Number of protein chains: 4
Amino acid sequence: MTKKDQIRIAAIKVIAKEGFFNATTDKIAKEANVAVGTLYNYFSSKEDILDYIFQIECKKRISYYTEIKNSNREWFAKIEEILRFHFQEMIKDPHIAKIILAERINASRSKLISLDSFAKLPMILADILEEGITEGQIRQCDVKIMSLIIFGFIESVMGEFIINRSEQFLHKALKEICDLLKKGLAK
Amino acid sequence: MTKKDQIRIAAIKVIAKEGFFNATTDKIAKEANVAVGTLYNYFSSKEDILDYIFQIECKKRISYYTEIKNSNREWFAKIEEILRFHFQEMIKDPHIAKIILAERINASRSKLISLDSFAKLPMILADILEEGITEGQIRQCDVKIMSLIIFGFIESVMGEFIINRSEQFLHKALKEICDLLKKGLAK
Amino acid sequence: MTKKDQIRIAAIKVIAKEGFFNATTDKIAKEANVAVGTLYNYFSSKEDILDYIFQIECKKRISYYTEIKNSNREWFAKIEEILRFHFQEMIKDPHIAKIILAERINASRSKLISLDSFAKLPMILADILEEGITEGQIRQCDVKIMSLIIFGFIESVMGEFIINRSEQFLHKALKEICDLLKKGLAK
Amino acid sequence: MTKKDQIRIAAIKVIAKEGFFNATTDKIAKEANVAVGTLYNYFSSKEDILDYIFQIECKKRISYYTEIKNSNREWFAKIEEILRFHFQEMIKDPHIAKIILAERINASRSKLISLDSFAKLPMILADILEEGITEGQIRQCDVKIMSLIIFGFIESVMGEFIINRSEQFLHKALKEICDLLKKGLAK
DNA sequence: GATGAATGAGAGTTCATTCAT
DNA sequence: TATGAATGAACTCTCATTCAT
């Protein structure tokens, strides 16, 4: 692992535990087993670290979302797959879920941190739903709002998972949202 | 208005604009047209102000939720009314929506700030759904997860509204979630 | 004395002893018997303190120079008086001489620190010489360069005085430059 | 050119532009096209570089001054030649003039940097004047102070030249000081 | 000799909190 | 009760110096 990623991973842990503002550069450096100065060999500021964290996570999600979107499945399988992917990521690294949830809005105040790409995620969901409508598999609806519903659900579940850490809960949650969408969006 | 609430209102404005950590006591005091020292006559710390903000908002919501829950309407009308209430509040004071969204998780790190009461909100939603099931109006489902879906939706919409500030968007969003729930939860 | 000037005086002492870059805010605060934070209640930055020091000194000199320039004396008495004033100031506060000498050039790199007014001093000297020429008391010469000579002399003497601290030296120096100018500029 | 001098030249450029304290070792190394570590193969510290710069410049001046002093010319021609030499050096490398002016006093605080040799320069001027008196060509005067006048003039002119960079100004300045000295020191 | 990533002490600055008025 | 100047711990960031390669 590169030193930059070593710092990134450490920062994720500390920021998730303490929040961005309480995550001091000292703490991050200590967690990463490097000196404070080393942080600044790889990042121009503390904010830059958060930016990098978001970038990496975003890239990961967008590339996966896009892959699924372009795959040869029906709308419902695609949505289900995206949710499944999200939940798997949460289980793999619960810290990152917390950071995204907790810091996104405050991060958006900073010009340094570009969250444009994060905004693309609901758009991909919307595209998938749009296809479903065009192909006559889904009833007429506002796909943008519908994708917000799905996204909000993901975040709600994230929030709950951060607290209870139950994988079983994730599976049940996945089933419930799928049932709701299937039935609620049928023609 | 009491001086305490004068400070609360000012704090909401500043925190919404700058985020809790960037909202200095100086800025809050200036916005409230009082001296910094005055803050400490009414609050024991900066965090205490945030706590008070959450308390007030929470009380407002819980009392309204409970009222609606106990009213003599069918499940669907109750849920719709709760959403409508939320959206109205958002329009009345968009700042508070932003704060709840942005600071809730970071606030939860502080022992000072009691967010227990906020956790009650989804429970009330769950109660309403539970009733719907018992009375045979809704199909079997996990009401706790279903209430998370609704709650997540509220927050997603908040997030979008903070950006676009379109009231029309709120109305469309309300219609979409209602349609989805009605159809998706039908027996 | 105002607190701002209390800090200014302390800063002069510390900067003279250690140089601007080695004069830490901690040292200045300690010398001024205030907390570090207090510095920032009166100055926006460490540079701002140096700026203020220069401003005060400059104002003092310009007002005196101008007064002398406008007085009803012949050119030679005016120049002598200005030099005498300078040397008196040096004796009263040798620190300030050192700072002006040591920090002026580095200060000029900063946009914060306005040294424009310092540039006016040689101009006043030049004006006095110009008058001397017009009135036929001085031979033709480049007054701007001649004022640089006088100014350079002042600074040289400052430099020497910082080291030897001999008042007698100052008096001798005054006599020598006066003799040189009187004889060298005669018609 | 040796690597040590390559570094010296680079340091002169950077220090002249930014001042000693803002001239980081990184910048100096980059300007010299070597790695930071390489600096420390030739110099024991950053201050040591400045020391070396002063040493070289000083040696250059002292050897020239001495040569002129020992030459077979009358006092006035010698002084004129020394000034001419100084101004030529300034034109050849304006950076070095700025450094000497800006850093000399702060450098004097450091025990590492030996400026003793710089103090010799006015002494040589004094020697030349002394000879002039002994040989009956100059009137009685304090040669030490008179040499300070000449030295101060050189520095004043340096300061002005740094700003306006006009060679013509240098020539006029030379003429004026020569006229002043010739007339002012005559018997 | 040459490198440049790693270091960590120390810098300037901020800001929640206090308390004499 | 209201004030706001004073506080100083704690923050982010810098940079001269080192040393394994």
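Letters go in sequence order (proteins before strands), and every chain restarts at 1. For clarity, every value in this text was computed on a predicted model and none was experimentally measured.
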Salt bridge check, A/Lys17 against A/Glu31: does any charged N sit closer than 4.0 Å to a carboxylate O? no

Of A/Val36 and C/Val36, the one whose closest nucleotide on DNA chain F sits nearer the 5' end is C/Val36

May I ask you to verify if any side-chain N or O of D/Lys3 is less than 4.0 angstrom from the OP1 or OP2 atom of E/dG1? no

Rounded to the Å, how far apart are B/Leu39 CG and F/dT1 P? 15 Å

Salt bridge present between B/Glu103 and B/Lys98 (N-O < 4.0 angstrom): no

By nearest heavy atom, map C/Ala35 and D/Gly37 onto DNA chain F; which one lands nearer the 5' end? C/Ala35

Verify the neighbour count for atom NZ of D/Lys60: are there more than 12 heavy atoms of other residues, nucleotides or ligands below 6.0 Å? yes

How long is the line joining CD1 of A/Ile49 and C1' of F/dT12, in whole Å? 11 Å

Can you tell me if the side-chain N/O atoms of A/Thr38 get under 4.0 Å from OP1 or OP2 in E/dT7? yes

So, with a heavy-atom separation below 4.0 Å from DNA chain E, the residues of residues 21-32 of chain B are B/Thr24, B/Thr25

Can you check the B/Ile7 CD1 to F/dT1 P distance for me, whole Å? 12 Å

Once you round to the nearest 0.5 Å, how far does CD1 of B/Ile28 lie from CD1 of B/Ile9? 12.5 Å

Dot-bracket for DNA chain E: what is it, with Watson-Crick or G-U pairs under 3.5 Å, [ ] where a pair crosses earlier ones, and | for a pair to another strand? .||||||||||||||||||||

Less than 4.0 angstrom between a side-chain N/O of B/Tyr42 and OP1 or OP2 of F/dA2, yes or no? yes

Separation of B/Lys4 atom NZ from F/dT1 atom P, in whole Å? 12 Å

For D/Ala23 and D/Ile15, work out which heavy atoms get closest and say how close. CB-CG1, 3.8 Å

Between C/Phe20 (CZ) and E/dG12 (P), how many Å, whole number? 8 Å

Is B/Glu18 salt-bridged to A/Arg109, going by a charged N under 4.0 Å from an acidic O? no

A/Lys46 to A/Phe20, cation-pi by 6.0 Å centre distance and 45° axis angle: yes

Is the shortest side-chain N/O distance from A/Tyr40 to OP1 or OP2 of F/dC13 below 4.0 Å? yes

Between F/dA2 (P) and B/Phe43 (CZ): distance, integer Å: 12 Å

Would you call C/Arg61 and C/Glu57 a salt bridge, taking side-chain N to carboxylate O under 4.0 Å as the test? yes

Residue met sooner reading DNA chain E from 5', once B/Lys46 and A/Asn41 are mapped to nucleotides: A/Asn41

Using whole Å, what does the distance between atom P of nucleotide E/dT13 and atom CD of C/Glu47 come to? 8 Å

Honestly, is C/Lys4 close enough over C/Phe43, meaning NZ or CZ under 6.0 Å from the six-membered ring centre and within 45° of the axis? yes

